[in-house]
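All ligand and atom numbering here is 1-based and tracks the order in the structure.
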Amino acid sequence: MVGAGPNGLVAAITLAQAGWNVTVLEAASTPGGGMRSQELTLPDFVHDVCSAVHPLAVASPAFRELFADETAARRHGLAWLHPEVPLAHPLDGGGAALLHRSVETTAAGLGVDASAYQRLVQPFVDAGLDLTDGLLAPLNVPPAHPIHLARFGLHGVWSARGLARRRFDTDEAQALFAGLAAHSILSLRAPITAGYGLMLGTLAHSVGWPVAQGGSQRIADALVSVLESHGGRVECDHRVGSLRELPPSDVTLLDVTPRQLLNLAGDELPSRYRRSLERFRYGPGVFKLDWALDGPIPWTNPEIARAATVHLGGTLDEIVQAEDIVQQGRHAEQPFVLLAQQSVVDPDRAPAGSHTAWGYCHVPNGSAVDMTGRIEAQVERFAPGFRDRILARHSMNTAAMERHGENYVGGDINGGVADLRQYLIRPTLGLHPWTTPLDGVYLCSSSTPPGGGVHGMCGLHAANEVLRAHR
Ligand SMILES: Cc1cc2nc3c(=O)[nH]c(=O)nc-3n(C[C@H](O)[C@H](O)[C@H](O)COP(=O)(O)OP(=O)(O)OC[C@H]3O[C@@H](n4cnc5c(N)ncnc54)[C@H](O)[C@@H]3O)c2cc1C
């Protein structure tokens, strides 16, 4: 196995559980890929370098299998901490949309859109994890719950802008939906962006949007602990430069994206497959900030302090415009900012009375522009006095992101654009996209279905392909 990200580790565990002898070679000095935490700013302030908020991990069939209940997770050092409110979206003038665990309570805060919200979301929440399982399942097996998926598809296939405008009248409901859909890093005018919004919104109700106690690194450490309990091992500080360097093995799984596969395999790949990998598209990058704060963020609307995740960007139209600008290869003056205030729910992330915060915005792939001022202006817009609370900050542009993790090509955190085309053709067309033309070599990163996020499902599907081939 090359790469100890969530997908690499889940694939490694799946094979080790099946009795295989597994070694994971990881370039970084700590395992985890996008699940690492570090004291990026000041001593005793723990920051999530990449992922921070984990609805996908909690809902993922792969994680549910490994950590069947709270006790099983704690045995491996993992505990999910749920904020009072999964997500908040402040608006100018002190208003806000709050996404609560309860659909009813959320709807009650959306004025005249209350029943429209409930009608849209409740059936998906009622479908529960059967729906999530279907959405994360491989496309090459018949769905276990086709009715749930068909209903989801009818709404999810649209653009987020179209669906929000058709369904909702209030700024609150429209903006809430836009913020959820903007996690897709696509133009909100694009097909299937409604699907991303619906899935993430549904998960907020059905499983919550928790953070990992002590930092996302604990998820990585828990996966390594499970792997070791099945006899597997991770070797850090071992970068693989070419497939030829690898020790002999029956099978090699690569937690890398198409561009790296091209480099690792050299001219061993058949030219047709090589050309399809070369056509694979990477999406916009991110510019990220982490802050050490001497107190909580002074939100104008105090309700925002109850959420661990906050979407900053104003109304639907503003967010649509900000994301369109990025798609056009430019930088938004008022970017859409995804912010997490982990220490609100996990006080041990910072010394007593102090706090941590994490935030990023989308930028063109490979951007070198410093977005610090524009991101902080968006926070200040809804929390005047925020800048005065900053003790220290740490920034990462797209190049720093790629240095931290090779899979974040040009700062793309999803392992490739996840539009309709690359949702279906990921990274190449076929019913078994985890296989490669090289004998015994498989891809298992987020550049394979079902795509980005900490859920390990790409790894699980790839490992299942291996087990099927060697049955
Ligand atoms: C800033 C940021 C914020 C994010 N926020 C969230 C969030 O809140 N919630 C969420 O669910 N997801 C989030 N994500 C996305 C999530 O982290 C990724 O989708 C996920 O980590 C992808 O998993 P992976 O296993 O495919 O790849 P990665 O996690 O990137 O792991 C790949 C691993 O392979 C190693 N590797 C690569 N090439 C080699 C080589 N040649 N030799 C040896 N090792 C190699 C890398 O060092 C890395 O450890 C975020 C990502 C970023 C960057």
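Counting heavy atoms only, Ser51 comes closest to atom 4 (C) of ligand 1 of the residues Ala11, Cys444, Ser51. Which of Asn407, Asp290, Val234, Leu443 comes nearest to atom 27 (O) of ligand 1 through a heavy atom is settled by distance: it is Asn407. Looking at Gly34, Gly453, Gly459, Cys50, it is Gly453 that brings a heavy atom closest to atom 18 (C) of ligand 1.
Between Asp69 and Arg64 there is no salt bridge, since none of the side-chain N atoms of the basic residue sits less than 4.0 Å from a carboxylate O of the acidic one. Remark: Glu268 engages Arg244 in a salt bridge, criterion side-chain N to carboxylate O under 4.0 Å. The existence of a salt bridge linking Arg239 and Glu406 is confirmed by a sub-4.0 Å separation between a basic side-chain nitrogen and an acidic carboxylate oxygen. With salt bridges taken as basic N to acidic carboxylate O contacts below 4.0 Å, one links Arg281 and Asp419. Salt bridge status for Arg374 with Glu333: present, with a side-chain N to carboxylate O gap under 4.0 Å.
Looking at ligand 1, you'll find an N or O of Glu26 within less than 3.5 Å of one of its N or O atoms. At least one N or O atom of Tyr408, backbone or side chain, sits closer than 3.5 Å to an N or O atom of ligand 1. Backbone and side-chain nitrogen or oxygen atoms of Val454 are examined, and one is located within less than 3.5 angstrom of a nitrogen or oxygen of ligand 1. Checking only distances, Val49 never comes within under 3.5 Å of ligand 1, N or O to N or O. Ligand 1 has a nitrogen or oxygen under 3.5 angstrom from a nitrogen or oxygen of Val240. Considering backbone and side-chain atoms together, Ala27 places an N or O closer than 3.5 Å to an N or O of ligand 1. At under 3.5 Å, not a single nitrogen or oxygen of Trp358, backbone or side chain, sits near a nitrogen or oxygen of ligand 1. The shortest N/O to N/O separation between Tyr360 and ligand 1 does not fall below 3.5 Å. Residue Ala28 places no N or O, backbone or side chain, under 3.5 Å from any N or O of ligand 1. For a threshold of 3.5 Å applied to N or O pairs, the pair formed by Val53 and ligand 1 contains at least one separation below that value.
At a 4.0 Å cut-off, at least one heavy atom of Pro6 sits close enough to ligand 1 to count as contact. Distances shorter than 4.0 angstrom occur between a heavy atom of Ala52 and an atom of ligand 1.
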Exercise for the section: Decide side-chain hydrogen bond (donor to acceptor under 3.5 Å, both in side chains) for Tyr282 and Thr257; before the verdict, give the C-alpha distance in whole Å, the side-chain angles of both, and the deciding distance to 0.1 Å. Expected result: CA-CA 10 Å; Tyr282 291 91; Thr257 79; 2.6 Å; yes
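Between the side chains of Ser367 and His331, a donor-acceptor pair is found at a separation under 3.5 Å. A side-chain donor from one of His432 and Glu465 sits under 3.5 Å from a side-chain acceptor of the other. Looking only at atom types and distance, the side chain of Ser60 has no donor-acceptor partner in the side chain of His455 under 3.5 Å away. Remark: the His47 side chain and the Thr41 side chain contain an N/O donor-acceptor pair separated by less than 3.5 Å.
Side-chain rings of Trp299 and His89 stay apart, their centers remaining 6.0 Å or farther from each other. Checked against the 6.0 Å centroid criterion, the rings of Trp291 and Phe45 do not qualify as a close aromatic pair.
Remark: ligand 1 atoms within the under-4.0 Å shell around heavy atoms of Met401 are 1 (C), 53 (C). Near Gly452, with a cut-off below 4.0 Å to any heavy atom, the atoms of ligand 1 are 19 (O). With ligand atoms numbered from 1 in the order given, ligand 1 contributes 43 (C) to contacts under 4.0 Å with heavy atoms of His238. The distance from ligand 1 to the heavy atoms of Lys288 drops below 4.0 Å at these ligand atoms: 1 (C). Shown in contact with Gln260 at under 4.0 Å from a heavy atom are these atoms of ligand 1, numbered in order with element: 37 (C), 38 (N). Of all atoms in ligand 1, listed by their number and element, those nearer than 4.0 Å to a heavy atom of Ser445 are 26 (O). Close contacts between ligand 1 and Gly33 involve ligand atoms 29 (O), 31 (O), 48 (C), 49 (O) [criterion: under 4.0 Å to a heavy atom].
The proximity of Leu25 to ligand 1, defined as any non-hydrogen pair under 4.0 Å, is limited to the backbone. Only the side chain of Val2 comes within 4.0 Å of ligand 1, judged by heavy-atom distances. With a heavy-atom cut-off of 4.0 Å, Ile413 touches ligand 1 through backbone and side chain alike.
Counting only heavy atoms from C-beta outward, the side chains of Pro450 and Cys458 approach each other to under 4.5 Å. Under the 4.5 Å side-chain criterion, counting only non-hydrogen atoms from C-beta, Glu318 is not in contact with Phe336.
Here CG of Leu81 is found 8.0 Å from CZ of Arg349. Values are rounded to the nearest 0.5 Å.
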